[in-house]
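Before any comments, here is the structure.
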Amino acid sequence: MEEQRQLDEYSISDQMLEKQQESSELVLSKVETERIQRQDNPKQLPSSYFVSASYDGKRGKACINLYDPISKRIYFWHDTSKHKPYLLTNLSPYELDQLDRVKSHPGFDHFEQVEKFDPLLDKMVSLTKVVARDPLAIGGRPRGCLREIIPEDHAKVSTPEQPEAKVWEAAIKYYQCFIYDSHLIPGTSYSIKNGELIPATVENTENIVEKIQTTFDIQEGEEKAHIEQWAQLLEYPAPPFRRVALDIEVFSPIATRVPDPREAPYPVICACLTSKIDKDQVLLLKRKGVKDGRERLPSDASLKFFEQEKDLIEAIFKALWDYPFVITFNGDDFDLRYLAHRAEKLGIPRKEIPIEVGRRVCLLKSGVHIDLYKFFYNRSIQIYAFSNRYRDVTLDDVGKALIGLAKYDLNKPFADLSYSELARYCYRDSEITLKLTSFDDDLVLKLILVLARISKMPMEDVSRQGVSRWIRNFLHFEHRRRNFLIPNKADIFSLKGKTATTAIIKGKKYKGAIVVKPVPGVHFNVAVMDFASLYPSIIKIWNLGYQTILCPHEDDKDNIVPGTPHWICRKYKALESLLIGSLRDLRVNWYKPKSKDKTLSADVLSWYNIIQSALKVILNASYGVFGAESFDLYCPPVAEATAAIARHALTLIVKQAHDLGIEVLYGDTDSVFLKNPSREQIDELAAWSSKELKMSLDVDKVYRYAVFSSRKKNYLGIFDDGRVDVKGLTGKKRHIPRFIKDAFNQMKSRLGKVSSSEEFESAKRDIKKIVLDRYMRLKRREWENLDDLAFHVVLGEAPERYIKTTPQHVMVARMLKDRDIEMRAGDLVSFVKIKPRDMVVRNRREVISVMPMQLAADSDVDVDKYVAYLQSTFEQVLDALGLEFDEIIGLTKLERFM
DNA sequence: ATCTATGGCAAGCCGA
DNA sequence: TCGGCTTGCCAT
């Protein structure tokens, strides 16, 4: 059966390929029509991945995109049930009847009475479900939708003593609503049998889930059931993704300016489509006066010239119709948007354009578009999935950091490039884009797939939206599954919005973590113990959630969170606690250890590593979202309680360590640094933590020695193998000039070679030499390259938005603007420090002490400023080593006199 | 339209 | 001149 089906699929796709190859022009629409018909609502479909969802306005139905990993095609399935968009309201059908604009609303369908459990009020409530024919009738339009009409109109007809009309669940995207109500899980497989969608199961998965279950035998009831459900999702295999990466280049008369994609005023001059499986395509537009050039393309790419831009674009579109996954870097805002508008301008009919242009996104009509810029821009992804390995979210920087592939350097504008130079440049971009999805066994796409499963979101959304949306959506899913009313943000806040602690930082909502003052000096044999996943553990163990904190039960008011007046419910388990807690357990007790288990095959290891990093990303954000106003279940006391319990736990651990006779050198939030502890002491402390705090405290790392100054969040830790952890020191910050950073790194590697206190003396001598050498080179103005002295600071905002002060990098941006170089929020500004001088900047006289790199000369440099930087950078470490900067350089002054 | 949190350090601006 | 405030970058 299986084989037969495969053959059929392949023969169909082969035929199609041939057809397309026969004549590349005009046939497109015919072929496409045929294909779309075949793709649309097949009566039968073997197990295929639910990758995306949308609302089909023409049919008034939710539409699911299914990716068949065998034929490697996308198929569409439309909802066959009577599911419709709706909202909930406290008005009865009778009351709603009085509101003219409701029943006469063109999108209105009918009323239903429903019972839901309200987690805020802790009781069942009777509500009316107002069902509509299309989602826009519920909300989404600027005016005149039901979610606004109901409260507005009711206020007009009701008496003051009547309760006001409220609506719930009225701002949920329709396809999400459909996913929740139908219990569909994006990222997993479904087959179609006789037109109906059926969940698919994989036998092998079941076995592993069983194994996981036995690991968690200690857990009981609900918790265990959830662990099992998550495990089932996560163990489910991932398909091979058939994909193409696209990059285009557009002509621009002004070299520094990228044409506006909404206008699409100039021709597309080059496009590259890279898949590495099919033949890569380089498409070039013939233009007058352009040289061929000599640069060579990889032999597996095919080069094609077009006389007409329209033909070139149609060739791109052919691929966009064909591939189930299309990868771009900034395609939402540029490539796809430009192509769509340009195509329209050239008279290509709308229905032959494969792109759906949205306000902020560009989606594909027959596939999934992943814009890697959006994905890598996500701070949680940047920090927790890729440990800050890339700094700027540019193709060049991300490419260099993750796959070691940089963009081609261009030293002239596009207009001056030969065909081969242009092709090589564009091809490299598409190559980087593709490889960013394929490295480490398709890590990025699999990560997106796993996140789609957890969050219950389509792959497109999960790759574009932030972690707070992911968390919100799986909580929404759970609410619907249990017939819980999803509360309004305002209601949570008015009932449970007040925090009771004062933050140390001005302007913050509540008090955060503790940092233990470090013991300055050099300490040998330092063990760092930390709580595994502290905040998620607290949320789990203390049953935190908007429902359970400050609950309405009198007899729970004595169940107090230490350090706060808040109390916690004992009667119900909070959904947040349950879901975040079970994800935590799975990561800590299964996926994290398994991802390091050498007995597993490479495939399984890499898959487990993907899962554990997906969990890490979610868990690390899971506390913060409760303190984020943008989060739909915003509940500051939950965040506050989490932080308070963490302070409590850390304080107790520090005290307990002390009682066990261990010296605590330092601690931050969830960690304690222990000086030369014995095995027994470590075990005792860990045992005490499990018993008294119900949290596991493990040895995270051991330093051969650590160097502390008196500053918090500032230290060096040297591992046994000579690697050096540098935390918080100025020498590692990215805005510091390379000239200083280099010296700092020399010191760092020298410290890595020290293995005993006896060896310190010679290391100190070398370090003195390093510092002195830098100092002398500065004084003698002996730097190799002015760039080495550049500071690099990111503009947090647009230059004109700095009102209160004018920081140096902003001054630099303004100086550049006078020379027509525009700097925007997020740009990195590079400058050197100079002796103060008067200058006119933006028509104002200013005293400036900085100079943009573009304008600076060696003679401008204020050497003493750099000496001061050298001093402050090194003092953070010299302090602890018993060295003095002044002495190091003072010595030479004497010597010079002698 | 977009958005997890707070704590800590260094530098520089700017008004008292 | 001092000290509060703003800014950016980092730790967790």
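The analysis underlying the following values was restricted to heavy atoms, covering all of them including side chains, and did not include hydrogens, waters or symmetry mates. In this text the structure is predicted, and so the values were computed from the model without any measurement. By convention in this document, chain letters (A, B, ...) are assigned in the order of the sequence lines, proteins followed by strands, and residues within each chain are numbered from 1.
- The nearest heavy atom of DNA chain C to A/Ile803 and to A/Lys732 marks one nucleotide each, and the one closer to the 5' end goes with A/Ile803.
- Heavy atoms of A/Ala503 sit under 4.0 angstrom from primed sugar atoms or phosphate atoms, though from no base atom.
- The interatomic distance linking A/Phe474 (CZ) with B/dT4 (C1') rounds to 12 Å, in whole Å.
- Across all strands, A/Thr669 comes closer than 4.0 Å only to sugar-phosphate atoms, never to a base (heavy-atom distances).
- Side-chain N/O atoms of A/His809 include one lying less than 4.0 angstrom from OP1 or OP2 on C/dG8.
- For A/Arg711 and B/dA10, the shortest distance from a side-chain N or O to OP1 or OP2 is below 4.0 Å.
- Aromatic ring centres of A/Tyr866 and A/Tyr775: separated by at least 6.0 Å.
- Counting any heavy atom pair closer than 4.0 Å across all strands shown, A/Phe631 reaches no nucleic acid atom.
- Across all strands shown, A/Phe626 has no heavy atoms under 4.0 Å from either base or sugar-phosphate atoms.
- Considering only side-chain atoms of A/Thr805, the nucleotide from B/dC13, B/dT6, B/dA11 that sits closest is B/dC13.
- Contact annotation: A/Gln808 does not reach the phosphate of C/dG8 (side-chain N/O to OP1 or OP2, under 4.0 Å).
- Distances shown here put a side-chain N or O of A/Tyr715 below 4.0 Å from the OP1 or OP2 atom of C/dT12.
- Taking side-chain N and O atoms only, A/Tyr802 has a distance below 4.0 Å to OP1 or OP2 of C/dG8.
- Ring geometry for A/Phe791 versus A/Phe831: interplanar angle under 30°, hence parallel rather than tilted (30 to 60°).
- A ring-centre distance under 6.0 Å is found for A/Phe719 and A/Tyr703.
- Nearest to the side chain of A/Gln876, among B/dA5, B/dT6, B/dC9, sits B/dC9.
- With P as the reference atom, C/dT12 and B/dC3 are 26 Å apart, rounded to whole Å.
- For A/Arg734, counting side-chain heavy atoms from C-beta on, the closest listed nucleotide (C/dC9, B/dT4, B/dG7) is C/dC9.
- Remark: P of C/dC9 and CD of A/Glu797 are 13 Å apart, rounded to the nearest angstrom.
- Counting any heavy atom pair closer than 4.0 Å across all strands shown, A/Arg391 reaches sugar-phosphate atoms only and no base atom.
- Using the six-membered ring where Trp is involved, A/Tyr377 and A/Tyr373 have ring planes that are tilted, between 30° and 60° apart.
- A/Leu544 has its CG atom 18 Å from the P atom of B/dA5, to the nearest Å.
- The CZ atom of A/Phe708 sits 14 Å away from the P atom of C/dA11 (whole-angstrom rounding).
- Spacing between atom OH of A/Tyr869 and atom P of C/dC9 amounts to 12 Å, rounded to whole angstrom units.
- Comparing C/dT6, B/dT4, C/dA11 against the side chain of A/Asp668 picks out C/dA11 as the nearest.
- No hydrogens or angles considered: a donor-acceptor pair under 3.5 Å links the side chains of A/Thr501 and A/Glu640.
- In terms of phosphate contacts, A/Arg801 brings no side-chain nitrogen or oxygen within less than 4.0 Å of OP1 or OP2 of C/dT6.
- Listed candidates were B/dA11, C/dG8, B/dT4. Nearest to the side chain of A/Lys833 is B/dA11.
- Set against B/dC14, B/dC9, C/dC9, the side chain of A/Val794 has C/dC9 as its closest nucleotide.
- Computed from coordinates, the A/Leu716 CG to B/dC9 C1' distance equals 15 Å when rounded to whole Å.
- Checking side-chain atoms of A/Ser849 against main-chain N and O of A/Pro836 turns up no donor-acceptor pair under 3.5 Å.
- Contacts of A/Thr806 with the nucleic acid, taken as non-hydrogen atoms under 4.0 Å apart, involve only primed sugar atoms and P, OP1 or OP2.
- Out of B/dC9, C/dT12, C/dC9, the shortest distance to the side chain of A/Lys727 is found at C/dT12.
- Between the P atom of C/dT12 and the CD1 atom of A/Ile645 lies a distance of 22 Å, rounded to the nearest Å.
- Looking at heavy-atom distances under 4.0 Å, A/Asn714 makes contact with sugar-phosphate atoms alone, never a base.
- Looking at heavy-atom distances under 4.0 Å, A/Ile504 makes contact with sugar-phosphate atoms alone, never a base.
- Applying the 4.0 Å criterion to OP1 and OP2 of B/dG12, one finds that A/Lys865 has a side-chain N or O inside that range.
- When each of B/dC3, C/dC10, B/dA5 is scored by its nearest atom to the side-chain atoms of A/Lys733, the top-ranked nucleotide is C/dC10.
- A/Ser577 places a side-chain N or O within donor-acceptor distance of the main-chain N or O of A/Ile539, the cut-off being under 3.5 Å.
- When distances run from any side-chain atom of A/Val793 to the nucleotides C/dT12, B/dA11, C/dC9, the shortest one goes to C/dC9.
- Judged purely by atom type and a 3.5 angstrom limit, A/Asn714 has no side-chain atom pairing as donor or acceptor with the backbone of A/Arg711.
- Between A/Ser872 and B/dA11 there is a side-chain N or O to OP1 or OP2 distance below 4.0 Å.
- Taking for each of A/Lys804 and A/Thr873 the nucleotide of DNA chain B with the nearest heavy atom, the 5'-most of the two is the partner of A/Thr873.
- Counting to the nearest Å, the P atom of B/dC3 and the CD1 atom of A/Ile383 are 14 Å from each other.
- Using a 4.0 Å heavy-atom criterion, one finds that A/Gly512 contacts the sugar-phosphate atoms exclusively.
- Residue-level contact check: A/Val847 touches neither bases nor backbone, having no heavy atom under 4.0 Å from any strand.
- Closest to the A/Ser380 side chain, of the nucleotides B/dG7, B/dT4, C/dG8, is B/dT4.
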